[in-house]
Amino acid sequence: MKTDEFLEWSEKAARWGANYRRDVRDLPVRAQTSPGDIAKQIAPQPPEHGESMDKIFADFETIIMPGMTHWQHPRFFAYFPANAAPVSAVAEYLVTALAAQCMLWQTSPAATELETAMIGWLRDALGLPAMFTGSIQDSASSATLNAVLVMRERALGWKGNTEGLGGQKPIRIYTTNQVHTSIDRAIWVSGIGSANLVRIPTSGDSRGMDAKALDAAIRSDLESGYLPAGVIACTGGTSIGAFDDIAAVVRVAHAHGLYVHVDAAWAGSAMICPEFRHFWAGVEEADSIVFNPHKWLGAHFDCSIQFIRSPEDLVRTLAIQPEYLKTSGKDGFINYSEWSVPLGRRFRALKLWFLLRYHGLEGLRAMIRNHVRWAKKVERALAEDSRFEILTKPFLSLFTFRPLKAEGTTDDAHVQAFLDAINNDGRIYLTQTRVERALVIRFQAGQFDMTKADADTAIEVLKEFAGRFAEEQIRG
Ligand SMILES: *Cc1c(COP(=O)(O)O)cnc(C)c1O
């Protein structure tokens, strides 16, 4: 592609992107296609001869777009958000144009040095102590895998990488049943095995880890010849926003010399607001923490921050230096590829720099505070309506509920039918989880451009469908 054509299509793409963001609120939030609808429109083979950009772009609009779910839609209340503030999308356009592979300091010094600076900015913004350093990872899953690998190597006296796990005492990691499935995967991938992931009971509305039970489990494992290595705590579990008493968990874990990793992938962004930091009190004693600015804060996907107390342990676990990666004479600089499992690294710090400078922390705090307020508003409206039942109260901007039938009872089939009807309608998008075995609907407010009117629309749609379902029941 020649420069003038590259310019033409880059301008078209940027214009298309801006118009898309302007108009996205008029589209159904969740894609309304059936399985295979898109696949059957894709040519079975690549073309032998190049095609025109006009045709390629037209196909993008007609074939691909109907199959997209709109994560930047202001009424995306499903899962957690994957916010990409327009300013961070602008930074990503630049990163896309540069297309640098930033694995080592010398493969783009600006990328490494800006990354170090952004880790410092975010650490301070979240109120974490200055001894934390860290890096930007592609996902919380990778950060948690890093943490589990360090737990393993520390516990094995740094011999796991060379000798493997055969003949070693079984390593034990402790967590609850509220944590994300990325923890299970990290346990599988690290060779520790899910049989050695010990689920500690939880208690209270927060469904936090019972620290006494943690202590008892570690003691009992030591007596039985296991090798306790670490604890994975959470602030804001994915299902209902469960949170552990980090201070209590750290006290027990550190008394036994165990490593503590805190998963705050979603809720971590809220910690730019000092009034929410009580939810993770004690976090300053953790050994590592992960949070995703690509979820709630507004940094274009992907952008996950792993804060770590002891980068030496991580580098000792992951660094590998074949001749072709040695950076002659530049020792002392950070090569962030030694801080992660993948070698290659995108330039992820630029979008954070643009985002934080353009909106300022006060701008981002205002957004998060609004989301928390509006989620409470929706929860109140449903709590006061006898056709709904609240299962878990809002933790930050997440709560769960379910629709009731006329008799005031409900079942999974009714909840699923209600959810499907809402998502087929398309004005709002919600997803489900289970609370004490029952199917329930999650509501989280968090999209970057959401307004109070969008919260009102959510209430309106939910009540409208409660009415429709009641009528259908009467008609049988
Ligand atoms: C989303 C989420 C994850 C996984 O995040 P990825 O970046 O997609 O790997 C892990 N933990 C929690 C609590 C989450 O909400």
Interatomic spacing from [atom1] in [X] to [atom2] in [Y] - rounded to 0.5 Å:
X: I428; Y: F77; atom1: CD1; atom2: CZ; result: 6.5 Å
X: L145; Y: S139; atom1: CG; atom2: OG; result: 9.0 Å
X: I289; Y: Q306; atom1: CD1; atom2: CD; result: 10.0 Å
X: L149; Y: L318; atom1: CG; atom2: CG; result: 6.0 Å
X: W188; Y: L197; atom1: CH2; atom2: CG; result: 11.0 Å

Under 3.5 Å, which donor-acceptor pairs do the side chains of residues 350-358 form with other protein atoms, sequence neighbours left out?
{"unit_1": "K351", "atom_1": "NZ", "unit_2": "E92", "atom_2": "OE2", "d": "3.3"}
{"unit_1": "K351", "atom_1": "NZ", "unit_2": "H300", "atom_2": "O", "d": "3.0"}
{"unit_1": "K351", "atom_1": "NZ", "unit_2": "D302", "atom_2": "O", "d": "2.9"}

Is a donor on one side and an acceptor on the other found under 3.5 Å between the side chain of [X] and the backbone of [Y]?
X: N83; Y: G446; answer: yes
X: N161; Y: T317; answer: yes
X: Q32; Y: R30; answer: yes
X: H261; Y: V148; answer: no
X: D210; Y: S203; answer: no
X: R442; Y: S239; answer: yes
X: R75; Y: R427; answer: yes
X: R309; Y: F132; answer: no
X: D244; Y: M209; answer: yes
X: Q72; Y: A84; answer: yes

D205: salt bridge (charged side-chain N to carboxylate O under 4.0 Å, His left out) partners, not counting sequence neighbours: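 Partners of D205 under the salt bridge (charged side-chain N to carboxylate O under 4.0 Å, His left out) test: none.
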
With a 4.0 Å cut-off on N to O distance, would you call [X] and [Y] a salt bridge?
X: R346; Y: D138; value: no
X: K212; Y: D245; value: no
X: K376; Y: E379; value: no

Can you check side chain to side chain donor-acceptor pair (under 3.5 Å) on S288 and Y259, steps first, answer last? CA-CA 8 Å; S288 59; Y259 182 111; 2.7 Å; yes

Does any donor atom in the side chain of [X] or [Y] lie under 3.5 Å from an acceptor atom in the other side chain?
X: W266; Y: Q444; result: no
X: D454; Y: T457; result: no
X: Q447; Y: W71; result: no
X: D221; Y: Y174; result: yes

For the student: nearest non-hydrogen atoms of [X] and [Y], plus distance:
X: A14; Y: Y93; answer: CA-OH, 3.7 Å
X: D412; Y: L439; answer: OD1-N, 3.1 Å
X: A349; Y: A111; answer: CB-O, 4.4 Å
X: S269; Y: I368; answer: O-CD1, 3.5 Å
X: P403; Y: V415; answer: CD-CG2, 4.0 Å
X: G236; Y: A267; answer: CA-CB, 4.1 Å

Using the six-membered ring wherever Trp is involved, compare the ring planes of W9 and F57 and label them parallel, tilted or perpendicular (cut-offs 30° and 60°).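 Geometry flag for F57 against W9: tilted rings.
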
Parallel, tilted or perpendicular, as decided by the 30° and 60° cut-offs, for the rings of F401 and F388: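 Perpendicular, since the angle between the ring planes exceeds 60°.
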
Dump the intermediate steps for side chain to side chain donor-acceptor pair (under 3.5 Å) on S135 and Q137, then the final yes or no. CA-CA 6 Å; S135 70; Q137 304 281 324; 2.9 Å; yes

Under 6.0 Å between ring centres, would you say that holds for Y20 and H70?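 Yes, the ring centres sit under 6.0 Å apart.
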
Between H359 and F448 (judged by ring centroids, cut-off 6.0 Å), do the two rings come close enough to count as a pair? yes

For the residue pair E275 and R369, establish whether any side-chain heavy-atom pair is separated by less than 4.5 Å. yes

Within-4.5 Å side-chain heavy-atom neighbours: M151 and I192: no

Determine, step by step, whether T400 and T392 satisfy the side chain to side chain donor-acceptor pair (under 3.5 Å) criterion, reporting the C-alpha distance in whole Å, the side-chain angles of both residues, the deciding distance to 0.1 Å, and the verdict. CA-CA 5 Å; T400 62; T392 58; 2.6 Å; yes

Could you walk me through whether R207 and N177 satisfy the side chain to side chain donor-acceptor pair (under 3.5 Å) test, starting with their C-alpha distance in whole Å, then the side-chain angles of each, then the deciding distance to 0.1 Å, before giving a yes or no? CA-CA 9 Å; R207 289 169 171 76; N177 62 3; over 6 Å; no

Which one of W280, F443, F279 satisfies the ring pair (Phe, Tyr, Trp, His ring centres under 6.0 Å) criterion with F395? F279

Atom CE of M65 with >12 non-hydrogen neighbours under 6.0 angstrom: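 For M65, atom CE is crowded (more than 12 foreign heavy atoms under 6.0 Å).
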
